[in-house]
Amino acid sequence: MFTISKSFESDHAAVYSISGSITDDELSEWTSELVELLSQERGPLVLNFRQVIRMTPQAIRIVALLIDDRVSLIDEPSGLSGSGSRTFWPCDAAAGWSHTA
């Protein structure tokens with residue numbers, strides 16, 4: 001189970017915190033929530049994944065497909081990061097993402 005909640009808003013950006021676990025059983029809800037969030041927020045948007053415990057590979061792919069240039073990610077799964085430098089968020093295409101810190 002996961003939650004998405006607005007944690008900060010200014011004239012410059014809105015920050016949303018995502019928490020919990022995103023499994024394959026919740027992909028429809030995950031997709032719907034992200035689509036709705038991205039359509040409601042017109043300005044710069046920050047998605048904070050710090051409180052996410054686990055994401056399946058498909059949940060990661062959905063984020064990668066839906067985000068655009070106005071979206072920034074904090075503590076994102078290494079499957080979404082350009083550098084793949086987040087050693088405390090192990091991720092590969094087959095295993096998904098689990099918080100181990």
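Predicted, not measured: the structure shown is a model, and the values here were computed from it.
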Gap between atom [atom2] of [Y] and atom [atom1] of [X] - 0.5 Å precision:
X	Y	atom1	atom2	result
Asn48	Phe8	CG	CZ	12.5 Å
Asp24	Thr56	CG	OG1	4.0 Å
Thr31	Glu26	OG1	CD	11.0 Å
Ile74	Phe49	CD1	CZ	10.0 Å
Ile53	Met1	CD1	CE	12.0 Å
Glu29	Thr23	CD	OG1	9.5 Å

Taking side-chain contact (heavy atoms from CB on, under 4.5 Å) as the test, write out the residues that go with Asp69, two or more places apart.
none
Can you list everything that forms a side-chain contact (heavy atoms from CB on, under 4.5 Å) with Glu36? Sequence neighbours excluded, please.
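Expected list: Gln40.
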Under 3.5 Å, is there a donor-acceptor pair between the side chain of Arg70 and the main chain of Ile67?
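Here the side-chain-to-backbone pair does not exist.
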Could you pull out the closest heavy-atom pair between Gln58 and Leu27, with the gap in Å?
CG-CD1, 3.2 Å
Ile4 versus Glu33, closest heavy-atom pair with distance:
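Between these two residues, the closest heavy atoms are CD1-CB, 3.8 Å.
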Do the non-hydrogen side-chain atoms of Leu65 and Ile62 ever get within less than 4.5 Å of each other?
no
Side-chain donor/acceptor pairs under 3.5 Å, residues 11-20, sequence neighbours excluded:
from, atom 1, to, atom 2, distance (Å)
Tyr16, OH, Glu41, OE2, 2.6
Ser17, OG, Ser7, OG, 3.1
Ser19, OG, Thr3, OG1, 2.6

